[in-house]
Amino acid sequence: MENLYQKLTEDIRFVEGMNACINCGTCTAICPAAQFYDYDPRMVVDTVQHKNDKEIEYLLKSDTIWQCGECLSCKTRCPRNNVPGYIIQALRALSTELGYFAESEKGRQQLALKRTIGEHILKHGYCVYIDEVNTEMYPEQGPVWDWMQKNATPLLKRLGANYKQDGAGTLRNTSKESLDDLQRIFDITGATERFNKIEHYSKLKSEELGITFDEGLNNDYFKSIYNSKSDII
Amino acid sequence: MIKEEVSKRWLAYQKEIADDHYYFARSCIRQNFFPAAEELFLNILKNELHKDIFDDPQQTTCTGIAYHSGIVPMETTMTVVARQFALMTEAGYENFVCSCVTSFGIYTEVLETWKHNPELEIKIRKLLKESTSKEFEIPKNLVHTSDIIFKFRKEISAKAKYKLINKETGKPLNIVEHIGCHYAKIFPDKGVGGAEYPYVLAGLIDEWGGSQIDYPERRHCCGFGFRQYLIKANRGYSIANTKRKFDSMKDYHPDLIITNCPGCNFFMDRWQYVISEMDGITYDDKGYGIPVLTYEELAGLMLGYNPWNIGLQVHQVDVVPLLDKMGYPYILEDKYKGINGEDMGKPEKTSLNCCC
C-alpha cells in the first residue's frame, strides 16, 4: 500500500492546513456541512493527524471527504490555524489520484462534475454557459430561466450582453486562441490527466456495478450519479 | 454605545482599493444568471465615475468552481490565474479587479501561496511560459468589484436620484447584506472590514439611506458548497443552508437582500422560489418573497436606470414591490419586451406573487 500520509504531505494545502489539532470542535460548530450531513471536520483532521494509513485509506474511500462545501468558514475560526477545508482538498486530490473516489457514492459524482463544469471550461472558456443549463438538470432556475433561454438573443441584446458574438462582453464567444491556451495549460499541469483518471476509474466502477456507461450526459451511469442518493435527509 | 463600538470594529480592517485603471475579470456565474450585472458595473465605472477599466476579450474563467469541486489540480488553477495576470500585463494594467467572489478568493490564495512559497511561483511561471509563451507581473492591487462600488459609494450617492427610503413611511428600508464566504473568511485582512464585520455592503446601505439588519445567521454560508449544489443529488445541502438564513432573518422584515457573490445572489433568489413551491412559504408579508440584488444593481437603481435595461426582470423574485416602496418609476408593460419593444411573452407564473 502507498504511504498515504506521506503522499498528503506533498500537497501544499495539507502543509498549510494541518497543524496540531486540539480537538476543540470549533470547526464543526460553524460548519454548514456538519449542520446538514453526518459530517464532522474535527474528526477528519483528527484522523489524518494520527498518521494511520489504514484510517486514511478508509477516509479516502468514504463519502465523508466529499461532504465539505469548501466555504472555508473553518479557516477563519480555528484557534490553532488548522484549515480542515484545505485538508479536504488534499484528501480529495489523493482519492482521485488513486481511483478511491469511485468507491463511495459521493465520490463517484466527480465524473458528473468533470463532464459538466470541467468540459464547459474547455468548450466555452467558463465553468458555466447559458446553453448548457436547462431546467431539467437545474429545476430551481425556474420559469424565468426558461423564458430567458427562449428569448436569449433579443433579451440579452437589451441587457447589453454580447451573446455568441466575437470580441469582448458578457457571454461572448471565447476565442480559439484562449481556448487553446486553456487546453495546453490543462495538458501540462495535470488537469487533463485528472480528467482521464476520473473517466477511467468511473468506467471500471460502472462495469462492476453493471450500469451502462457512455460519453456525455445521456447514459445510465451519469444519470445515476447525478440524480441518486441513498442518504435520505 | 454598542452600535458605536461595532462601527469602530468595522473600520479596523482597511483595504487599499486603487483609484483608477483597472483590468476587469468576468465571473462564470454572473454572466449567465444575471447577464446585465457586469455590463452595468462597467457602465457605472466608465460613464458615471469616468474611470478607465479594460474588458479583455482574451480573458477566461479562473477555474475556481472546478478547483473547489476537486476536478482540477492546484497547479492548473495557479497557471490559469497566471495567464490572467499575463493578459493584464500585456494590456498595460497593474490593478486587477474580479467580478466573482470565488475568483477573488482564488486570486488572493494564489498570491499568498506564492508569497510564502516562492519556488511555486517560479514553477508556475515556467509552466505558463511553456504552455502559452506568456509572462506576467504580479498585480499591484487586487480587489473585488464590490470593493470598487464601496470605494465610490459617496460619489454614487452624490449623483443618486433615489434613496433607500420607504416613500410612504419616510423610514429607511430594512436591508440584509450577505457577503460571499470567500470574500474575507479565507483571508480576513483582504476584505473591507474583515470576516466578522465586513463593511463592503453595509457601507453601501449606510451611505444610501437604508437600515442594516443584524440577524443571527448573518455570516452563515449561502449554501453553494460547489459540488453540493452542482450535483442534483446533493442540492438539499444548498437549499437547507439558505433556508436557515431566511428563517433567521424573516422576523426582521427585510425589504431587500443585497449580496456581493454571484452564487449567493442566485441561491437567495432561486431558493425562495423553490421553498415557496415546495412548502408554500414566502419570507415577506404579501407572498412575493424578498427581492435580491447585487451591489451594482442597487447602484443602478440609486442612479435612476431603467430596471428592465439592467436585468431586474430575470430575477425569479419580483423586484416590483421594492420599486413601489422606493417610489421608483417603471413601465410594467415594458418589463418583458425585447430591445426594440418586441413581444417576448412572459415567464410562467409560479407560487410566488409577481407583477407581470
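Just so you know, these numbers come straight off a predicted model, no measurement behind them. Below, read A as the first sequence line, B as the second, and so on, with proteins coming before strands; counting in each chain starts at 1.
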Decide yes or no for B/Y273 and A/V144: does some side-chain heavy atom of the first lie under 4.5 Å from some side-chain heavy atom of the second?
-> no
With side chains defined as the heavy atoms from C-beta onward, is the minimum distance between A/K114 and B/S69 less than 4.5 Å?
-> no
Mind listing the closest non-hydrogen atom pair of A/I121 and B/A66 along with its distance?
-> CD1-CB, 3.7 Å
Are the side chain of A/W147 and the backbone N or O of B/E348 linked by a donor-acceptor pair below 3.5 Å?
-> no
Give, as side chain, backbone, both or neither, the part of A/I198 having an atom under 4.5 angstrom from any heavy atom of chain B.
-> side chain
Under 4.5 Å heavy-atom distance to chain A, tell me which part of B/F226 shows up: side chain, backbone, both or neither.
-> both
Please state whether the side chain, the backbone, both or neither of B/R244 comes within less than 4.5 Å of a heavy atom of chain A.
-> side chain
Per-residue contact mode, B/L87 against chain A (heavy atom under 4.5 angstrom) = neither
Would you mind reporting whether B/N32 and A/E132 have side-chain heavy atoms less than 4.5 Å apart?
-> no
Heavy-atom distances under 4.5 Å only: say whether B/N234 touches chain A with side chain, backbone, both or neither.
-> both
Based on non-hydrogen pairs under 4.5 Å, which of A/E193, A/M148, A/R92, A/R172 is most in contact with chain B?
-> A/R172
Under the criterion side-chain hydrogen bond (donor to acceptor under 3.5 Å, both in side chains), which of B/R235, B/R270, B/K232 is the partner of A/E140?
-> B/R235
Check each atom of A/Q141 against the heavy atoms of chain B and say whether the ones under 4.5 Å are side chain, backbone, both or neither.
-> both
Which bit of B/N306 is near chain A, if near means a heavy-atom gap under 4.5 Å: side chain, backbone, both or neither?
-> side chain
State the OH-OH distance between B/Y229 and A/Y138, to the nearest 0.5 angstrom.
-> 6.5 Å
So, the part of A/L113 with a heavy atom under 4.5 Å from chain B: the answer is both
Can you tell which of A/T192, A/D187, A/T189 makes a side-chain hydrogen bond (donor to acceptor under 3.5 Å, both in side chains) with B/T76?
-> A/T189
Classify the ring geometry between A/Y37 and B/Y237 as parallel (under 30°), tilted (30 to 60°) or perpendicular (over 60°).
-> tilted
Over all heavy atoms of both residues, which pair between A/P32 and B/N241 is shortest? Give the atoms and the distance, please.
-> CB-OD1, 3.5 Å
Under 4.5 Å from a heavy atom of chain B, the part of A/Y86 involved = side chain
Exceeds 12 heavy-atom contacts within 6.0 angstrom, atom CG of B/N47 = yes
Name the region of A/I130, side chain, backbone, both or neither, that has any atom closer than 4.5 Å to a heavy atom of chain B.
-> both
Would you find a donor on one side and an acceptor on the other, under 3.5 Å apart, between the side chain of A/R13 and the backbone of B/M74?
-> no
Do you see a donor-acceptor pair shorter than 3.5 Å between the side chains of A/S178 and B/Q58?
-> yes
Taking the side chain from B/D55 and the backbone from A/A168, do they hold a donor-acceptor pair closer than 3.5 Å?
-> no
Please report the shortest heavy-atom distance between B/E342 and A/P154, naming the atom on each side.
-> OE2-CB, 3.4 Å
Minimum heavy-atom separation for A/G125 to B/T60, with atom names?
-> O-CB, 3.5 Å
What's the spacing between B/H220 NE2 and A/C71 SG if we round to 0.5 Å?
-> 8.0 Å
Taking atom NZ of B/K335 as the centre, does the number of heavy atoms from other residues, nucleotides or ligands within less than 6.0 Å exceed 12?
-> yes
Scored by heavy-atom pairs under 4.5 Å with chain B, the best of A/Q183, A/Q109, A/E177, A/R184 is A/Q109
With chain B, which of A/K157, A/Q89, A/Q35 has the greatest number of heavy-atom pairs at distances under 4.5 Å?
-> A/Q35
Residue pair B/Y336 / A/N151, side-chain heavy-atom distance below 4.5 Å | no
Taking it one step at a time, do B/E112 and A/E16 satisfy side chain to side chain contact (heavy atoms under 4.5 Å, CB included)?
-> CA-CA 11 Å; B/E112 288 295 302; A/E16 291 285 327; over 6 Å; no
Kindly indicate whether the side chain of A/W145, heavy atoms from C-beta on, has any atom under 4.5 Å from the side chain of B/Q316.
-> no
Under a 4.5 Å heavy-atom cut-off, does chain A meet the side chain of B/W271, its backbone, both or neither?
-> side chain
Can you check whether A/L155 reaches B/M344 side chain to side chain, under 4.5 Å on heavy atoms?
-> yes
Kindly indicate, with the supporting measurements, whether the criterion salt bridge (Lys or Arg N to Asp or Glu O under 4.0 Å) is fulfilled by A/R158 and B/D334.
-> CA-CA 12 Å; A/R158 179 177 188 181; B/D334 196 28; 3.0 Å; yes
Heavy atoms from other residues, nucleotides or ligands near CD of A/E136 exceed 12 (cutoff 6.0 Å) | no
State, with a plain yes or no, whether a side-chain heavy atom of B/K349 is found less than 4.5 Å away from one of A/P143.
-> no
Spatial distance of atom CD1 (A/I185) from atom OG (B/S131) [nearest 0.5 Å] = 4.5 Å
Candidate pair B/I71 and A/Q110, rule side chain to side chain contact (heavy atoms under 4.5 Å, CB included), full reasoning = CA-CA 7 Å; B/I71 57 167; A/Q110 289 307 91; 3.6 Å; yes
Under 3.5 Å, side chain of B/H182 to main-chain N/O of A/E70, donor-acceptor pair present?
-> yes
Nearest heavy-atom approach of A/L159 to B/P35 is CD1-CG, 4.0 Å
Flag, side chain of A/T76 to backbone of B/K185, donor-acceptor distance under 3.5 Å = yes
Measure A/C68 against the heavy atoms of chain B and call it side chain, backbone, both or neither at under 4.5 Å.
-> backbone
Kindly indicate, with the supporting measurements, whether the criterion side chain to side chain contact (heavy atoms under 4.5 Å, CB included) is fulfilled by A/D181 and B/K134.
-> CA-CA 10 Å; A/D181 273 359; B/K134 290 184 186 301; 3.4 Å; yes
OG1-NE2 distance between B/T61 and A/H124, expressed to the nearest 0.5 angstrom | 12.5 Å
Here the gap from A/T174 atom OG1 to B/R26 atom CZ, rounded to the nearest 0.5 Å, amounts to 10.0 Å
Verify side chain to side chain contact (heavy atoms under 4.5 Å, CB included) between B/Q59 and A/Y126, making sure each step is shown before the conclusion.
-> CA-CA 10 Å; B/Q59 61 168 296; A/Y126 292 91; 3.6 Å; yes
Looking at A/T96, A/I12, A/L156, A/D146, which makes the most heavy-atom pairs under 4.5 Å with chain B?
-> A/I12
Tell me, side chain or backbone of B/V274 under 4.5 Å from chain A's heavy atoms, or both, or neither?
-> side chain
Quick one: are B/L230 and A/T116 in side-chain contact, heavy atoms under 4.5 Å?
-> no
Whether B/Q31 side chain and A/L171 backbone form a donor-acceptor pair below 3.5 Å = yes
Reported CG-to-OG1 distance for the pair A/L182 and B/T79, which is rounded to 0.5 angstrom | 11.0 Å
Is the backbone of A/Q67 close enough, under 3.5 Å, to the side chain of B/Q228 for a donor and an acceptor to pair up by distance?
-> yes
